2 protein chains.
Amino acid sequence: MTNPPHDLNSFDRPSVTVDVVIFSLAMAQNDLRVLLVQRSREPYIGLWSLPGGFVHVNESLEAAAARQLAAKTGLESVYIEQLFTFGEPQRDPRRHVITVAYSALVPYSIIEEPAPNAPLQWFSVYDRPKLAFDHADIVDYALQRLRYKLEYTSVGFELLPNEFTLSSLQQAYEIVLAEKLDKRNFRRKILSADIIQETGQKSRSGEGRPAKLYRYQDNAVAEIKARRLFP
Amino acid sequence: MTNPPHDLNSFDRPSVTVDVVIFSLAMAQNDLRVLLVQRSREPYIGLWSLPGGFVHVNESLEAAAARQLAAKTGLESVYIEQLFTFGEPQRDPRRHVITVAYSALVPYSIIEEPAPNAPLQWFSVYDRPKLAFDHADIVDYALQRLRYKLEYTSVGFELLPNEFTLSSLQQAYEIVLAEKLDKRNFRRKILSADIIQETGQKSRSGEGRPAKLYRYQDNAVAEIKARRLFP
DNA sequence: ACAAAAGTGTTGGTGTTACACCCATGT
DNA sequence: ACATGGGTGTAACACCAACACTTTTGT
């Protein structure tokens, strides 16, 4: 989002915003969602856009991104990562605004659903409305990057609650990658990567055999071995 | 480089620069070099720093980076890539300056050596002077990224002239990765990637058997197959 | 003829994919 | 007892790493 400043002076330098692509999973709907805000003023009034805003002076970029995230979700310590900086002069029709794009991963179902007509909604990344500015490019880029990182790092765990079953982890991977994975191969690879541990508990959610619950060993997103998780 | 503006007003928003890590190979010295400029004013006067400067209004980031590159090297159409954006408020002791770091690869020996006391010099990335601001971090990051991309894309060709031998290509890889590679495996992998073609010519540089010359097929830096070039 | 660099194959090991059935629980 | 989802092993194949000698040229 690139709101106008309160004074409309034209400065001789571009200004800087952050925009945050906030992803979360809707496991029940088998869907990857992104949080969008509806613009209340020109330009692009009524269109949806990424949460974002100006970087304050003496505020780090990551702090600015975290501030946007906290403002929209109330969440503070979630995974957040710089993506890319978009600076085409015409990306904002009013004046030159450079935006540093961030991506955040919010654990599944941590946030309650907004009211149906709220100006803040979750949308499927696979079926989203027309976005303001170049935000569609930013979301596309973020998705591509998320998929890529899912394959060779352990970011995937950031989308799940602390304790999870291997099936739900696999489902998360399948939703993001938009493809089916082989159950046995998936389990072997995750287990052999040695990054999760059993909690000793079992989930008993409805029917079927209860599944072992696992915990991610480390909060840091580490490279998984030398090789990709799913080539 | 983050020069002060001519007026020293303190604005209420951070300003934006680009800094460019310009790499080139010194094949004869088996060295990877980076182009640095010596600062002529405070802060960090006398220290070396990356070529850089403010992004003009209505100028794209990539254009600003290309402008810096052309100003220092005279080169226009070389490989240039956005790396990361550094925005810690204290990275410039004067005021908040956000810099978008770019990396450029300049073909081997395209540029003449500057005069010995010029304020613009090539330095070995492995043995470089103390750098101003956070530029040492930026160079480290650029080197890490270059190594990484070398492994799974074809950026390596950007460091060589249009026509090259497999031995010189291997030498380029060895310099950047700072490790020896197996000749037979290297050749097999490059040739099977199907991204270079024989020119039909041979290099006859001094002693030894003349080597076939190859040309890179495509100017675009493409992913090489699904797998890394050198895992 | 010899020094120097170019060029060339094979083998063992490791990782990856594809694939089908039994197990524990709730109804 | 049956429906539901959890959990497990193996065999063929592809890719990778390690390794040494022959060829072509200049001197």
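The analysis underlying the following values was restricted to heavy atoms, covering all of them including side chains, and did not include hydrogens, waters or symmetry mates. Per chain, numbering begins at 1; letters A, B, ... match sequence-line order. The shown structure was predicted, so the numbers you read here are calculated from the model rather than taken from an experiment.
- For dA17(D), one of the phosphate oxygens OP1 or OP2 lies less than 4.0 angstrom from a side-chain nitrogen or oxygen of Lys189(B).
- Taking atom CZ on Phe186(B) and atom P on dG7(C), their separation rounds to 12 Å, with Å as the unit.
- The interatomic distance linking Leu191(B) (CG) with dG9(C) (C1') rounds to 14 Å, in whole Å.
- Aromatic ring centroids of Phe164(A) and Tyr216(A) lie 6.0 Å or more apart.
- Set against dG7(D), dG7(C), dC19(D), the side chain of Asp182(B) has dC19(D) as its closest nucleotide.
- Panel note: side chain Thr199(A), backbone Arg215(A); no donor-acceptor pair is recorded below 3.5 Å.
- For Arg209(B), the side-chain atoms get nearest to dA5(C) when compared with the rest of dA17(D), dG7(D), dA5(C).
- For dA6(C), one of the phosphate oxygens OP1 or OP2 lies less than 4.0 angstrom from a side-chain nitrogen or oxygen of Ser167(B).
- Among the nucleotides dG7(C), dT24(D), dG7(D), the one closest to the side chain of Pro210(B) is dT24(D).
- Rounded to whole Å, atom P of dT10(D) lies 11 Å from atom CZ of Arg188(A).
- Rounded to a whole Å, the NZ atom of Lys183(A) is 14 Å from the P atom of dC22(C).
- Contact annotation for Arg204(B): no contact, since no heavy-atom pair falls under 4.0 Å across all strands.
- The side chain of Arg184(A) lies closest to dA20(C), out of dG7(C), dA20(C), dG5(D).
- Looking at residues two or more places apart in sequence or on another chain, you find a salt bridge (Lys or Arg N to Asp or Glu O under 4.0 Å) between Asp140(B) and Arg128(B).
- The interatomic distance linking Lys212(B) (NZ) with dT23(D) (C1') rounds to 12 Å, in whole Å.
- With dG7(C), dT10(D), dT27(D) as the candidates, the nucleotide lying closest to the side chain of Glu207(B) is dT27(D).
- Between the P atom of dA5(C) and the CZ atom of Arg187(B) lies a distance of 13 Å, rounded to the nearest Å.
- Checking dG7(C), dG9(C), dG9(D) against every side-chain atom of Asn185(A), the shortest atom distance belongs to dG9(D).
- One interatomic measurement links the two molecules: CG of Leu169(B) to P of dA5(C), which rounds to 18 Å at whole-angstrom precision.
- Side-chain contact between Ile138(A) and Phe86(A): present, with at least one pair of heavy atoms (C-beta onward) separated by less than 4.5 Å.
- In this structure, Ile190(A) atom CD1 and dT8(D) atom P are separated by 15 Å, rounded to whole Å.
- Side-chain atoms of Glu76(B) do not come within 3.5 Å of backbone N or O of Ala66(B) as any donor-acceptor pair.
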